[in-house]
Amino acid sequence: MSQQTSLSRKRDYSVPPVDGDFYRISNLLNESETAIVKRVRDFMELEVAPIIDDYWARDKFPFEIIPKFATLGIGGIGYTGYGSAGGSMLLNGFIAMELARVDSSIATFWGVHTGLAGGSIYLCGDEEQKQRWLPPMMRFEKIGSFGLTEPLVGSATSGGMTTTCRREGDSWVVNGEKKWIGNATFSDINVIWAREETSNQVKGFVVGKDNRGFSVKKIENKMALRVVQNGLITLKDCRVPERDRLQNANSFKDTAKVLRMTRAGVAWFAVGCAMGAYEHALRYATQRIQFGKPIAGFQLVQDLLVRMLGNVTATQCVMLRLGQLQSEGLMTDEHASLAKAFCTVKCRETVGYARELLGGNGILLDNHIGRYVADAEAIYSYEGTREMNTLIVGKAITGLSAFV
Ligand SMILES: Cc1cc2nc3c(=O)[nH]c(=O)nc-3n(C[C@H](O)[C@H](O)[C@H](O)COP(=O)(O)OP(=O)(O)OC[C@H]3O[C@@H](n4cnc5c(N)ncnc54)[C@H](O)[C@@H]3O)c2cc1C
């Protein structure tokens, strides 16, 4: 029997709805929050799902979706004022999950723009800077990037950052390189972190794409998050006016405040990525016929599905509680780190099970799962690797730092 015939064979049993929210965590949202989440889900399913595998294969970003994306009202959820959407950090998490459920690259585009770049300005800018930059960012008219990682320093940026800045009159001179910077090939507002030559403290700057001494080269040949346009930024005697230095970023501790917030967002991406993979796998299992019946009816296939659902449900519950802590202002670095490490490990496991369930078809991009498997690798490592987050939690629970 051909694959087409076997997939389209008429079913003689009723298939329950495919739903990765097994414990009904979405019941905890109020009416207006539910409406936003639904708006995001509809957009992702109708506008993004049909085109994204093609963009992923071509390593391109679908710029045409940005105007509609902007109308979803998801710029700056959890922030107050400056044109932000408002709402709770828990809602922000649900949005992150919904985006990644369909595509982790689009989720990352949003996370870098509104979370890392917008969040740096929101947490570290003064009033005038927030008024100047945030409203156009919240409308997605100006897109942001966040430049922390360097070619020679990734995990160790807190102590080892090599990009430097020095004050000369009313401006600063910034020199260095930033690697892996999401959105950087087209972003207007680039947050750049640099160490001051005299004080050795880390400062934050907003650098425009047309600023002299600022250039970006696209990073090619990625095997994950291929829709995200990552850049290698070079800053060569790049002059930045004092008014564009983030006035409330005085040391790496301020950078860390931004990372704490966004790390939780990435953990939500991992949950969404796993949830999407589970739902694709379940749908496939009910349609794929082998030995005369849907493979969903085989014990070992059900075992894979239930393992996946267990991971999805467990990580959803972790994130639910983390979102509550975040909304109450009680979330610590170690809380966020445990969630990021645990959820990304479980995501990686889940997308692997989904790939296994699809057999050979699991490696075909047309069946989507290949994209989830690849993208989970990047989510696993960016915004703090599992090892870094483990060391943060390890220090908190033992009182002993195992960082070298
Ligand atoms: C797709 C993608 C998008 C990204 N977007 C951005 C962005 O927008 N902006 C930005 O600034 N950065 C971005 N990054 C960078 C990302 O945050 C880093 O890749 C990450 O922090 C890890 O740094 P590294 O890749 O240099 O790995 P390294 O730091 O070189 O680590 C390599 C390995 O060594 C381990 N390791 C390192 N030190 C220790 C230690 N002390 N103990 C135990 N293990 C250790 C790590 O856990 C890892 O397994 C992005 C990365 C990717 C892949």
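Every number for a ligand or one of its atoms is a count from 1 in the order of the listing. Every heavy atom of this structure was used, including side-chain atoms; hydrogens, water molecules and symmetry mates were not.
Residue-ligand proximity, Glu383 to ligand 1, at heavy-atom distances under 4.0 Å covers atoms 17 (O). Residue-ligand proximity, Gly154 to ligand 1, at heavy-atom distances under 4.0 Å covers atoms 23 (O), 24 (P), 26 (O), 29 (O). Near Leu391, the atoms of ligand 1 lying under 4.0 angstrom from a non-hydrogen atom of the residue are 42 (N). Contact atoms of ligand 1 toward Ile181: 7 (C), 8 (O), 9 (N), 10 (C), 11 (O) (distance under 4.0 Å to a heavy atom of the residue). Less than 4.0 angstrom separates some heavy atom of Gly182 from each of these atoms of ligand 1: 7 (C), 8 (O).
Side chain of Asp375 to backbone of Ala224: no donor-acceptor contact under 3.5 angstrom is found. Side-chain atoms of Thr114 never come within 3.5 Å of backbone atoms of Gly111 as a donor-acceptor pair (strictly under, hydrogens ignored). Side-chain atoms of Gln302 come within 3.5 Å of backbone atoms of Ala296 as a donor-acceptor pair (strictly under, hydrogens ignored).
Look at Asp170 and Arg239 and you find no salt bridge, because none of the NZ, NE, NH1 or NH2 atoms lies under 4.0 Å from a carboxylate O.
There is a protein heavy atom less than 4.0 angstrom from atom 6 (C) of ligand 1. Protein heavy atoms are found inside the 4.0 Å sphere centred on atom 10 (C) of ligand 1.
Under the side-chain hydrogen bond (donor to acceptor under 3.5 Å, both in side chains) criterion, Lys68 pairs with Glu47, sequence neighbours left out. Every residue was checked against the ring-ring contact (aromatic ring centres under 6.0 Å, His included) condition with Trp180, not counting sequence neighbours, and none meets it.
Within the 4.0 Å heavy-atom criterion, neither part of Arg386 lies near ligand 1. Counting heavy atoms under 4.0 Å from ligand 1, residue Ser381 touches it through the backbone alone. Contacts of Thr149 with ligand 1, taken as heavy-atom pairs under 4.0 Å, involve both backbone and side chain.
Across Ala336 and Leu322, no two heavy atoms sit closer than the pair N-CD1, 4.0 Å. When every heavy atom of Lys209 is checked against every heavy atom of Asp188, the shortest pair comes out as NZ-OD1, 3.2 Å. Smallest separation of non-hydrogen atoms from Ala184 and Ile233: CB-CD1, 4.0 Å.
In the candidate list Tyr380, Trp180, Trp193, Trp180 is nearest to atom 4 (C) of ligand 1, counting heavy atoms.
Ligand 1 lies within reach of Phe146, whose nearest heavy atom is under 4.0 Å from it. Contact analysis puts Asn230 in contact with ligand 1, with a non-hydrogen atom separation below 4.0 angstrom.
In this structure, atom 22 (C) of ligand 1 lies nearest to the protein heavy atom Thr385 CG2, 3.8 Å.
Residue Lys222 has no nitrogen or oxygen atom sitting less than 3.5 Å from a nitrogen or oxygen atom of ligand 1, judged on distance alone. Geometrically, ligand 1 and Leu148 share a nitrogen or oxygen pair separated by less than 3.5 Å.
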